[in-house]
Amino acid sequence: MSDDERTHGDGGAPDGDRRPGNGDAEHGRNAGGTTGDGGDGGTAPSGGGHADDGEESAARTRRRYPGISSRAYEHPADRSALVSLRKLTGFETVFKALSSMIPERSLRLMFLSDSVRVDENQFAHLHAMLVDACDILDLERVPPFYVTQDPQPNAMCIGLDQPIIVVTTGLVELLDEEEMRAVIGHEVGHALSGHAVYRTILLFLTSMAVRVAWIPLGNIAIMAIVTALREWFRKSELSADRAGLLVGQDLDASLRGLMKLAGGNHLHHMNVDSFLKQAEEYEAGGDVRDSVLKILTVLPRTHPFAAVRAAQLKRWSQTRDYQRLCHGHYPRRDEDRDARVTDSVRESAAHYAGTVKNSKDPLMKLVNDVASGAGELGGKLRDFARGTGRPPRPGGTGGTGGTGGTGTDGGDGGTTGPGQGGEGPGEGPAGGTGPGPGTGPGKS
């Protein structure tokens, strides 16, 4: 067996042997994988389904990714949004202030006193999956893990110095073992990417915005940062979904989990392929008014819509980048210091350009058409300035006119041209009255 593969059982490295990553993720109602009766599997090994298949699932051989950098699975829009967030005026000041104000110790005490800690004796199957996920993504220490009573399916990873993973009883009861494995991998991916600290700050800023709503302009200033944080966090969810697929290595399970978060535990009434078609209809349907409504609807959310997330994950599983990653070709953590921000910005720019170009959304099509038209006009103006082309005529290019006869020195002044001026605002070269010093006027 190669170094990149290992058979994982219910055991794993003890918590003390690993160092916690700096990650935070909220796996809310819109976080997770979708479910259905069918769906396309990825190239990663697929397996198990339900909790009663635990022994078979535990014995599965799962690929490990030693030393993997979070850059291997991070969505380009995630990195771009985080760069933009850090450049936001006032963000660094707020970040430093809140880092010292947030009572992280009280968070730990709250979960310790009012939730069930996951370990070898409590929710042992969840503990085994967490250890396995940390082993696969090479996270050096297993984060503390709690189950809290809440019927709403949710999961999150918060904390400043050390991430804490929390899942609700509603999520535990909703998902089967392989779907839950993808969710835990999702949260471990947040931890490895260092998302926890920003998510924690978003939670406190959202609460603070409510408290200072009565102060003139106070709410506006805070909500500007909250809106930017939410935009980044929605993109970070796409990255964490990818990490969940790397851990679970079962695309069907990831998609089923997302679909369950959208429609509940009714697998016999749902189908993954139909669910993915919903995402296509959402992304392409309607007109520009619908596009604007989509933007307004998603602004207050911390998670993208479940169907959209499922479609994004399915597309990524079909890319060459994912195939290479599965075969061990990925950036390593020890190379992160040599990674350049400009490379990430360039990759993000290429991603957004491709998104606009290939999008079926009416607003994105409009933006692409305007950009294409401006580019074509700019090219014509550039050619004209260089003397290699004619200036563009206002109103478009009309038909080319026929070559009318022109008078010549000492010759007949105007043989009839075979063509006529084209229709439209643009005119062809006029054939014309070419009285030369010779004989009479020519006709066009």
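No donor-acceptor pair under 3.5 Å is formed between the side chain of Asp138 and the backbone N or O of Ile68. For His327 (side chain) and Gln323 (main-chain N/O), a donor-acceptor pair under 3.5 Å exists by modelled atom type. A donor-acceptor pair is defined here as one N or O able to donate and one able to accept, closer than 3.5 Å; no such pair exists between the side chain of Arg242 and the backbone of Trp316. A donor-acceptor contact shorter than 3.5 Å links the side chain of Ser317 to the backbone of Lys314. Gln122 contributes a side-chain N or O that, together with a main-chain N or O of Arg117, makes up a donor-acceptor pair within less than 3.5 Å. No donor-acceptor distance shorter than 3.5 angstrom exists from the side chain of Thr200 to the backbone of Ile158, with no hydrogens or angles considered. A distance-only check finds no donor-acceptor pair linking the side chain of Thr148 to the backbone of Ser115 [under 3.5 Å].
Between Arg181 and Glu177 there is a salt bridge, since at least one side-chain N of the basic residue sits less than 4.0 Å from a carboxylate O of the acidic one. Under a 4.0 Å N-O distance rule, the pair Lys260/Glu173 does not qualify as a salt bridge.
Using a 4.5 Å heavy-atom threshold, the side chains of Arg333 and Arg71 count as separate. In this structure, Ile165 and Ile184 have side chains that are not in contact, with every pair of non-hydrogen atoms separated by 4.5 Å or more. Contact check for Asn154 versus Leu171: no side-chain heavy atoms found under the 4.5 Å cut-off. Here the side chains of Met180 and Val172 are in contact, with some heavy-atom distance below 4.5 Å. A 4.5 Å side-chain heavy-atom check between Cys326 and Tyr65 finds at least one atom pair inside the cut-off. Put simply, the side chain of Leu296 reaches to within 4.5 Å of the side chain of Val292, judged on heavy atoms. The shortest distance between side-chain heavy atoms of His303 and Arg234 does not fall below 4.5 Å. No side-chain heavy atom of Val188 sits under 4.5 Å from any side-chain heavy atom of Val247.
In terms of heavy-atom proximity, Pro143 sits nearest to Leu130 at O-CD2, 3.5 Å. Residues Asn121 and Asp119 share a closest heavy-atom pair of N-OD1, 2.8 Å. Between Pro144 and Pro163, the shortest heavy-atom distance links the atoms CD-O, 3.4 Å. Taking every heavy atom of both residues into account, Gly185 and Ala243 meet most closely at O-CB, 3.8 Å. Between Lys235 and His75, the shortest heavy-atom distance links the atoms O-CB, 4.3 Å. Heavy-atom minimum distance, Met110 versus Ser113: O-OG, 3.1 Å.
Between the CG atom in Leu192 and the CD atom in Glu187 there is a gap of 13.0 Å [rounded to 0.5 Å]. Once rounded to the nearest 0.5 Å, the distance linking CG of Leu139 with CG of Leu137 reads 7.5 Å. One finds the CG atom of Leu126 at 5.0 Å from the CZ atom of Phe145 (value rounded to the nearest 0.5 Å). In this structure, the separation between CD on Glu74 and CG on Leu238 is 12.0 Å, given to the nearest 0.5 Å. In this structure, the separation between CD on Glu178 and CE on Met129 is 8.0 Å, given to the nearest 0.5 Å. Taking OG of Ser254 as the reference point, atom CG of Leu313 lies at 5.5 Å (rounded to 0.5 Å).
The aromatic rings of Phe111 and Tyr146 sit parallel to each other, their planes meeting at less than 30°, with 60° as the upper class boundary.
Taking the ring axis of Tyr330 as reference, the NZ or CZ atom of Arg332 stays within 45° of it and closer than 6.0 Å to the ring centre.
Using modelled atom types, one finds no donor on one side chain facing an acceptor on the other under 3.5 Å when comparing Thr168 with Asp150. Looking only at atom types and distance, the side chain of Glu237 has a donor-acceptor partner in the side chain of His186 under 3.5 Å away. In this model, a donor atom of one side chain and an acceptor atom of the other lie less than 3.5 Å apart for Ser193 and Tyr73.
Tyr198 has its ring centre no less than 6.0 Å from the ring centre of Phe233.
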Does the pair Glu280 and Arg315 meet the rule for a salt bridge (charged side-chain N to carboxylate O under 4.0 Å, His left out), with working shown? CA-CA 12 Å; Glu280 294 179 7; Arg315 291 190 198 108; over 6 Å; no
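By the neighbour-count criterion of 12 heavy atoms within 6.0 Å, atom CG of Asp334 is densely surrounded, having more than that number from other residues, nucleotides or ligands.
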